[in-house]
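Notes to accompany the following structure.
Just so you know, these numbers come straight off a predicted model, no measurement behind them.
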There are 2 protein chains.
Amino acid sequence: MASIRDVAQKAGVAISTVSKVLNQYPNVSEETKAKVNEAIRELNFTPNTIASALSSKQAGRVALLLNLNTQTQAIDEIDMQYISGAINKAQEMKLDVITVFFSMIKDRDVYGIVNYLKAQSIEGIIIYGMSREDKILHKLIEEQHFRIVVVDAPFVNPNTSSVQIDHEKAQYDVAKKTILENKGNKILYIAGKKNGFVTKDRLDGMKRLAEEEKLSLLVRQGDFSEKKARQLAFQYARSRDIVVCASDLMAIGAMRALQEMDIFRPVCGFDGITLMGYAGKQMNTVRQDFYRISAEAMEEMARLLEGGEGREILLDYSIIRMQYLDIIC
Amino acid sequence: MASIRDVAQKAGVAISTVSKVLNQYPNVSEETKAKVNEAIRELNFTPNTIASALSSKQAGRVALLLNLNTQTQAIDEIDMQYISGAINKAQEMKLDVITVFFSMIKDRDVYGIVNYLKAQSIEGIIIYGMSREDKILHKLIEEQHFRIVVVDAPFVNPNTSSVQIDHEKAQYDVAKKTILENKGNKILYIAGKKNGFVTKDRLDGMKRLAEEEKLSLLVRQGDFSEKKARQLAFQYARSRDIVVCASDLMAIGAMRALQEMDIFRPVCGFDGITLMGYAGKQMNTVRQDFYRISAEAMEEMARLLEGGEGREILLDYSIIRMQYLDIIC
DNA sequence: CTGTTAGCGCCTTCAG
DNA sequence: CTGAAGGCGCTAACAG
């Protein structure tokens, strides 16, 4: 591997000069710039990111912090979209990415986590799927040792931005569409996890709709679990007109139950994962573009790393109807 | 962040001494070791991996090279298992991991890729899902600039190991089980992609069984595509007794077609992905534990990085029957 | 067994 | 506009 020294030598300039053209500094004549670039090309030189990070103390390294649900592979799709969206955008922005799972840091305290990350010269963290219970992460955010972007959780401070869709409105929209299409006013709403941030937002959307439309609303916690939703559907769906679920996975569980009971009730979901296509019936759902959400999160991270202030970002979504033939290829 | 210097100062020893206890070198008295460790704890010191990597030229950084199929989110599950298996094991072995997608390097030549990776101090690469067409990767392997572990492809040289299950035998086993359970001797075999390495292995297994059992074997390329398999099933399944597919996704496509045609034929798949549980019918399949395969690959990588010689590793698998209630939670 | 001394490859003032 | 010099945090001979 050619080093910056080789380049300097070949171009007949000082190392520092090469460094300057590498980092787009001003005060370098076009002439020498050309010479240097020529040498770089000839030697097929790529600067060593490790050395550059060490030296500048500014690595541009960001960690993806994922709450992997090892139980439910069915929604690995979401995490995969998160990961690829972030990584691709990071490459575009010339940021380094490492992937970290909650499980890897779960028995450390804030200080331990900060150390673990600082030791790797991490400057930014994107957190996916945090819940109200993750106290340590809340602290991490508060203490502002890092630039942080939180996906789907309402945290904002000078070093922290939040990125998400408007869950309240999305839940309202998809439920409304489903209800208008089918009429019926007794709703079974299968909500998410008690301590999830989006759970409340979505429930609020549902409640608003219920009030507006004078619906009878029965709310049960489905914990984002397919099995739980299935049980709840068995238990309550018969006496209800429509089943609104706070996630696709739960919608699938509910739909299965209905099929087994051999009764029909419209069901709608939330997320827009491919699996919905396998549900057996068409269903309305909110399509979140996780890839894009994550890419936006990374872009926001880049902004923060440049010194930008934390802020809240709301992304758009769409209401779609999923069916089998659309998803296969 | 405390640095090694602070520790040395606090412990009243030289920096190099601290380094030695950090890296478990011999020739350090228990006494000073204790002093140093004490200082480390007090200062809450974690060595800077970046600096250590730069200095030792031995970063222990490995890249995960994944061929993400953006079309088929349904099998993101596999990639996710690969990623988490590798990352978790890497943390255990104190290796650094970065994730790279084929798409990120697809327009570079070998030299460009080597540079890209070397610039990041990557020493090892684990390659997932390579096909015969990825000529550049073949070259990368041949040139041995890195330690490489290839999953599901038969490459071995002093710096390269291969890790996979015995696809030939697995295909043989699952097909045999399905055939014995159902009897029938006209088989439709929906094979994988023309240039996939496992495609041939699996096909060989099927052929061996066909010979042994005197089966009539009709082979068609399904390209690992659910849609294609669906079409093939529409076209050929009626005149066949049993449908053997080289992947779960294709098995699902075939099963769908059969349901739409309203005829029954036993179908078996390969992989053991969760999605199989949503197929509507129970099916036999080969369960590959992708998480474990990837973890083993990372372990093998650690061995290579320690100077071990490349070799072939065959992992085991099991034949299972998947059904809905087993997979939900 | 411990400390001294060079770097690793690059960035960054600061003179010239 | 360019180059010399020091240093980032750590490792690795080499003396002592």
Are side-chain N/O atoms of B:E300 and B:S161 paired as donor and acceptor at under 3.5 Å? yes

Atom OH of B:Y25 and atom P of D:dC10: how far apart are they, to the nearest Å? 15 Å

5′-ward residue of the pair A:F45/A:K20 relative to DNA chain C: A:F45

So, B:Y82 versus B:E77: side-chain donor-acceptor pair below 3.5 Å or not? no

Can you tell which of D:dG3, D:dT11, C:dC10 lies closest to the side chain of A:S16? D:dG3

From C:dT2, D:dT2, D:dT11, pick the nucleotide closest to the side chain of B:I4? D:dT11

Under 6.0 Å between ring centres: does that hold for A:F155 and A:F197? yes

Which one, C:dC11, D:dT2, C:dC8, comes nearest to the side chain of A:N27? D:dT2

Reckon B:N48 touches a base, only the sugar-phosphate, or nothing at all at heavy-atom distances under 4.0 Å? sugar-phosphate

Taking CG from A:L54 and P from C:dG7, how many angstroms apart are they, rounded to a whole number? 17 Å

Calculate the interatomic distance between B:R5 atom CZ and D:dG9 atom P; express it in whole Å. 7 Å

Candidates C:dC10, D:dC10, C:dT12 - which lies nearest the side chain of B:S52: D:dC10

Any donor-acceptor pair under 3.5 Å between the side chain of B:S55 and the base of D:dC10? yes

A:Y317 vs A:D289, side-chain hydrogen bond (donor to acceptor under 3.5 Å, both in side chains): CA-CA, chis, key distance, verdict: CA-CA 7 Å; A:Y317 57 87; A:D289 186 339; over 6 Å; no

What is the distance from CD1 of A:I15 to P of C:dC8, rounded to the nearest Å? 10 Å

Can you check the B:E31 CD to C:dC1 P distance for me, whole Å? 11 Å

For B:I141 versus B:N157, what's the shortest heavy-atom pair and its separation? O-ND2, 3.2 Å

With sugar-phosphate meaning primed atoms plus P, OP1 and OP2, does B:V13 contact a base, only sugar-phosphate, or nothing at under 4.0 Å between heavy atoms? sugar-phosphate

Students often get this wrong, so: under 4.0 angstrom with heavy atoms, is B:S56 touching a base, only sugar-phosphate, or nothing? sugar-phosphate

Could you tell me the separation between the CD1 atom of A:I50 and the P atom of D:dT11, rounded to a whole number of Å? 13 Å

